[in-house]
Amino acid sequence: MPALLLYLLQVNGALLLFYAGYWLVLRRLTFYTLNRWYLLFSVGFSAAYPVVDVSAWLARPVAATTQVLGETWTYLPTAAAPAFTYWTSLEWAYWVGVGVLLLRLLAQLTGLYRIRRASRPAQWHGQQYRRVGAAMNPFSFGRTVYLNPDQHAPSELPAILRHEQVHVQQWHTLDVLVAQLAQVFCWFNPGVWLLRQAVQENLEFITDRAVLRAGLLDAKAYQYSLLKLSTLAPSAALANHFTFLTLKNRIAMMNKKRSATAYLGLYALLIPGLALLAFACAPQGEPAGDEMEVRKTSSARFDAMSDSTLFFLDGKPSSKAAVEAIPEIGIVQIHGAGGRFRGEFGPGVKRIFLVITKTGENSPATKAFRQKYGFQTRAEFEKEEAERPAKEAREREEIRQRDERFKQLPDALYILNGEPVDKEEISEINAEAIESVNVLKGKQAIEQYGEKGRNDVVIVITKKHSQSTN
């Protein structure tokens, strides 16, 4: 599974966990400010925890597969992109959804800007706001309150302005925007839409409590004013509204008895518990799949290496930290080699890595290092890979021909360059490498080689052996 889809799976799984915890345990508690921070933490934690390396905390050993490297291997980030797959289509669908919701969010922000342009500064008993001419609910966005005073009786204005000032003073717009962005990037998750609604609803609980504590209206009069305002035209979509669609829940929470202090312990249990559950459910190690193997970062390749490993960057001695700091896109090749270099770089060195960057690919140091230790260039590697199918076909054909020759050879005693050998070894010799073939039969074969020559003797001399004896 591609890294993006795996990341989204983890993020949205955590969001569902935290929303379930809110809905089942916290939503009916009157600790509204704690609930606000719980919901914000849910979004932040869900976005961040998939990129946290828990294995480093737990000292979990790195998978053995990172240690099993070939004698010489080459890493090419510039390889051709994989073909269009099922996962690719899912990624495209995801980004289309993100684009649509981003356009929707931009349209909502544009609507707010138009309302601001059409309004003008005003004040009521020293309280600043922007007067709007259209018939709509009072609302706030950022540090500004928007209000049409002609729609309200003078006795209602203190509670309305107090309500919106709470939104302004406590920066509730930030909560709304965080929830909206979570909805944009996790649009396919029903839980994130419910979480956004929970964020906005909880902000209204906070402001309702602040208004009632100010003593500007008693609870019943305030609830009647909410009911009256719910009949007005809705205001901007992103705004903190004086009324919200969940009016019934707001009135129920205003009339609810304050939660006992003992319930605070639920937060201490719920938040760490859900966080640990999210980590426990996260897949360990890197996602499977050919694409991730090809695009694995150099850091992951080097995690299992010890102090017995040397690093060379563009032909010059370097360090693991310096190599890992290079962006993957800037790397052309990574060569790794073990056994054949042991001892050449000093006692205790068991493996070396040569990392070649785009800027240093043709440097004198790189060329000298490659030539001295026999590392291929990218062009040589690509040529070898291109010729590999033909080479393998030739090898298969040679094996087939050898097998055919083996079947055709008689059962006899074979002497190769003066030494007895198996019939199979004779079949492996290329015909062009043979100088001469002599066959001894019957009495002559037995006289020279005894009972072993009863089935004839085949004497083969190679050209190489013949030249060495002359």
Side-chain angles (χ1 to χ4, degrees), residues 11-12 14-23 25-49 98 101-102 104-109 111-113 115-116 129 137-146 160-187 189-213 226 234-247 249-250 253-254 259 267 270-271 274-275:
V11 169
N12 286 276
L15 284 172
L16 282 173
L17 276 177
F18 277 93
Y19 177 74
Y22 175 79
W23 193 86
V25 181
L26 305 179
R27 69 187 177 104
R28 290 304 178 190
L29 300 181
T30 60
F31 305 120
Y32 306 131
T33 301
L34 280 177
N35 283 350
R36 178 193 182 188
W37 296 117
Y38 171 90
L39 293 169
L40 288 176
F41 174 81
S42 301
V43 176
F45 173 84
S46 299
Y49 93 96
V98 170
L101 288 198
L102 278 176
R104 176 174 172 262
L105 181 61
L106 181 61
Q108 292 171 342
L109 290 171
L112 278 169
Y113 176 72
I115 292 174
R116 182 175 181 84
Y129 69 95
N137 258 312
F139 69 92
S140 61
F141 186 80
R143 309 297 291 168
T144 306
V145 175
Y146 296 85
I160 292 174
L161 287 169
R162 172 58 183 162
H163 184 106
E164 299 306 331
Q165 284 300 326
V166 173
H167 283 311
V168 168
Q169 292 165 4
Q170 297 189 18
W171 292 92
H172 288 177
T173 296
L174 293 180
D175 301 52
V176 174
L177 290 176
V178 167
Q180 287 284 346
L181 288 174
Q183 181 177 282
V184 167
F185 290 100
C186 301
W187 57 266
N189 183 359
V192 81
W193 294 75
L194 296 172
L195 186 71
R196 180 189 62 80
Q197 180 177 332
V199 167
Q200 292 182 292
E201 184 180 62
N202 187 68
L203 293 178
E204 297 305 320
F205 295 161
I206 291 174
T207 51
D208 289 340
R209 181 173 60 186
V211 172
L212 293 177
R213 285 179 175 177
L226 291 180
S235 52
L238 293 179
N240 293 311
H241 302 281
F242 182 70
T243 62
F244 194 61
L245 296 177
T246 54
L247 179 60
N249 286 342
R250 291 175 64 182
M253 294 305 288
M254 275 186 270
S259 300
Y267 294 89
L270 188 64
I271 295 175
L274 292 177

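Given the structure is predicted, the values throughout are model-derived calculations rather than measurements.
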Considering non-hydrogen atoms only, spot the tightest contact between [X] and [Y] and give its length.
| X | Y | value |
| --- | --- | --- |
| Cys186 | Leu15 | SG-CD1, 3.8 Å |
| Arg196 | Ala179 | CG-CB, 3.8 Å |
| Gln165 | Val145 | NE2-CG2, 3.7 Å |
| Gly21 | Leu270 | O-CD2, 3.8 Å |
| Tyr19 | Ala198 | CE1-CB, 4.2 Å |

| On the ring face of Trp171, is Arg143 found with NZ or CZ under 6.0 Å from the centre and within 45° of the axis? | yes
Is the backbone N or O of [Y] less than 3.5 Å from a side-chain atom of [X], with the two atoms forming a donor-acceptor pair by type?
| X | Y | result |
| --- | --- | --- |
| Thr173 | Gly142 | yes |
| Ser259 | Thr30 | yes |
| Ser140 | His167 | no |

With sequence neighbours excluded, residues passing side-chain contact (heavy atoms from CB on, under 4.5 Å) with [X]:
| X | answer |
| --- | --- |
| Arg209 | Tyr32, Thr33, Arg213 |
| Ser42 | Phe18, Tyr38 |
| Val98 | Tyr94, Trp95, Leu102, Val184, Phe185, Trp187 |
| Ala47 | Tyr7 |

| said: Walk me through whether Asn35 and Tyr267 qualify under side chain to side chain contact (heavy atoms under 4.5 Å, CB included). | reply: CA-CA 9 Å; Asn35 283 350; Tyr267 294 89; 2.6 Å; yes
Any chance you could measure [X], atom [atom1], to [Y], atom [atom2], to the nearest 0.5 Å?
| X | Y | atom1 | atom2 | value |
| --- | --- | --- | --- | --- |
| Ile160 | Tyr129 | CD1 | OH | 10.5 Å |
| Leu105 | Leu177 | CG | CG | 7.5 Å |
| Phe31 | Ile206 | CZ | CD1 | 13.5 Å |
| Asn202 | Gln197 | CG | CD | 12.0 Å |
| Leu39 | Leu195 | CG | CG | 5.5 Å |

| task | Please name all residues satisfying ring pair (Phe, Tyr, Trp, His ring centres under 6.0 Å) with Tyr146, sequence neighbours left out, ordered by chain then number. | result | Phe139
| said: Under 3.5 Å, is there a donor on one side chain and an acceptor on the other for Gln200 and His172? | reply: no
| Under the side chain to side chain contact (heavy atoms under 4.5 Å, CB included) criterion, do Phe141 and Ile115 qualify, and how do the steps go? | CA-CA 11 Å; Phe141 186 80; Ile115 292 174; over 6 Å; no
| Would you say the side chain of Asp208 lies within less than 4.5 Å of the side chain of Met253, judging by non-hydrogen atoms? | no
| message | Against Asn249, only a single residue in Glu204, Arg27, Glu201 fulfils side-chain hydrogen bond (donor to acceptor under 3.5 Å, both in side chains); can you say which? | response | Glu201
| Any residue meeting salt bridge (charged side-chain N to carboxylate O under 4.0 Å, His left out) with Arg36, in chain and number order, not counting sequence neighbours | Asp175
| side chain to side chain contact (heavy atoms under 4.5 Å, CB included) between Phe45 and Ile271: does it pass, once the steps are laid out? | CA-CA 10 Å; Phe45 173 84; Ile271 295 175; over 6 Å; no
| Above 12 or not: heavy atoms from other molecules or residues under 6.0 Å from OH of Tyr113? | no
